[in-house]
Amino acid sequence: MRWLILCLALPVAATATAQTVNDRIARGDSVSDHIARGDSTHDRLDPAAALAHYEAALAVDSSSYEALWKAARSVVDIGKQLGDDEKQARDSVFAVADSYARIAVAVNPDAPDGHFMLAQAVGRLALTKGPKERVQYAKEVRLEALRALELDSLHDGAHHVIGRWHAEIMRLPSITKFFAKAFLGGAVFDEASWDSAVWHLERATELRPTNVYHHLDLAKIYLAVERPEDAQRHFLRLLELPDTDVVDPASKEEARAHLATLAGQS
């Protein structure tokens, strides 16, 4: 069922990879062998092929925490490449990522990456929804990202998620904010601030300065708090970085569009 959803969602040419993986399962390759191949393929920005390797590891050991959270990561990467015109397929893909991440957390609740991937999957799913539905997902995103930070205070991805959480709450329309207060509870909702959004994205960028997406979201938050020079600096910086994520080319196009707007305003 997982592969059916993914094959419907993206035109992935996974047959050759799947056959190779099946051959390796048959000859008895270890979990660590499959994960190492998945990592190598992930680094080459081929999430569908990486997923095949992680699923091969899970075919050997269905409780492999590392294979589970990395499978969730690959599925999220697949979903990130789907456009707004593929919303239904994208939702289905992120639901698969959610499943992998929840199992990872169940297998090892005291490791950060499972919690981070669950926050990622739920957060990505929330971004495909309307404002009120986003609020319904926001509480879990926050809790899972905070749990990841409790387990690893230097987790750049978890800092990004928390910073993004603050920004998304602050961007909500007034009427939706009223609904959010009622749903999340005043104490939680009142924690959202632009200062916290800036701090966490700055921290994420400090911890991993080569991450294009950290710079992009930080720059967009700087725009929101009327710090255009800081935003411009980070837009320019990310254009110098190598692509390490499947959506980095799209992120760079977005940065160029923002830079053109800023140039027109000067």
Side-chain angles (χ1 to χ4, degrees), residues 1-83 85-108 111-125 127-128 144 148 157 211-213 242-251:
M1 186 61 173
R2 292 192 302 267
W3 274 107
L4 175 60
I5 292 172
L6 296 175
C7 288
L8 288 172
L10 271 182
V12 176
T15 304
T17 300
Q19 184 58 53
T20 301
V21 168
N22 288 336
D23 291 343
R24 287 171 177 158
I25 293 173
R27 77 183 187 213
D29 282 12
S30 68
V31 170
S32 60
D33 289 336
H34 290 301
I35 290 175
R37 293 187 185 99
D39 292 347
S40 177
T41 310
H42 168 78
D43 291 342
R44 295 197 298 273
L45 306 185
D46 188 349
L51 176 62
H53 291 295
Y54 296 136
E55 289 202 321
L58 292 169
V60 178
D61 178 7
S62 62
S63 64
S64 169
Y65 170 75
E66 188 176 5
L68 284 163
W69 80 257
K70 288 181 175 179
R73 180 182 64 185
S74 291
V75 180
V76 166
D77 283 348
I78 291 170
K80 289 190 299 190
Q81 297 176 83
L82 296 173
D85 58 337
E86 301 169 284
K87 181 180 179 297
Q88 184 174 358
R90 188 172 58 187
D91 283 1
S92 297
V93 169
F94 288 140
V96 173
D98 180 282
S99 296
Y100 274 127
R102 288 185 191 280
I103 298 171
V105 168
V107 167
N108 190 351
D113 288 312
H115 293 282
F116 166 64
M117 287 315 308
L118 182 53
Q120 277 266 290
V122 175
R124 290 281 176 178
L125 195 58
L127 290 176
T128 71
E144 291 300 326
N211 185 287
V212 169
Y213 194 47
D243 293 343
T244 58
D245 188 283
V246 291
V247 295
D248 280 353
S251 293

Asker: CD1 of Ile35 to CG of Asp29: how many Å apart, nearest 0.5 Å?
Answerer: 12.5 Å
Asker: Kindly compute the distance separating CZ (Arg90) from CZ (Arg124), expressed to the nearest 0.5 Å.
Answerer: 9.5 Å
Asker: Among residues at least two apart in sequence or on other chains, which ones pass salt bridge (Lys or Arg N to Asp or Glu O under 4.0 Å) with Asp245?
Answerer: Lys80
Asker: Do Asn108 and Trp69 have side chains that get closer than 4.5 Å, going by heavy atoms?
Answerer: no
Asker: Heavy atoms, side chains only, cut-off 4.5 Å: are Arg44 and Thr41 in contact?
Answerer: yes
Asker: With sequence neighbours excluded, tell me which residues meet salt bridge (Lys or Arg N to Asp or Glu O under 4.0 Å) with Asp39.
Answerer: Lys70, Arg73
Asker: How many angstroms lie between atom OG of Ser40 and atom CG of Asp46, to the nearest 0.5 angstrom?
Answerer: 10.5 Å
Asker: Run the numbers on Val122 and Glu144 for side chain to side chain contact (heavy atoms under 4.5 Å, CB included), then give the verdict.
Answerer: CA-CA 9 Å; Val122 175; Glu144 291 300 326; over 6 Å; no
Asker: Let me confirm one number: the CG-CG distance from Leu58 to Leu51, rounded to the nearest 0.5 Å.
Answerer: 9.0 Å
Asker: What residues, two or more places apart in sequence or in another chain, satisfy salt bridge (Lys or Arg N to Asp or Glu O under 4.0 Å) together with Asp98?
Answerer: Arg102
Asker: To the nearest 0.5 Å, what is the distance between CD on Gln81 and CG on Leu45?
Answerer: 9.0 Å
Asker: Taking all non-hydrogen atoms of both residues, which atom of Ser251 and which atom of Val212 are closest, and how far apart?
Answerer: CB-CG1, 3.8 Å
Asker: After noting the C-alpha distance and the side-chain angles of Asp91 and Lys87, does the key distance pass the salt bridge (Lys or Arg N to Asp or Glu O under 4.0 Å) rule?
Answerer: CA-CA 6 Å; Asp91 283 1; Lys87 181 180 179 297; 3.3 Å; yes
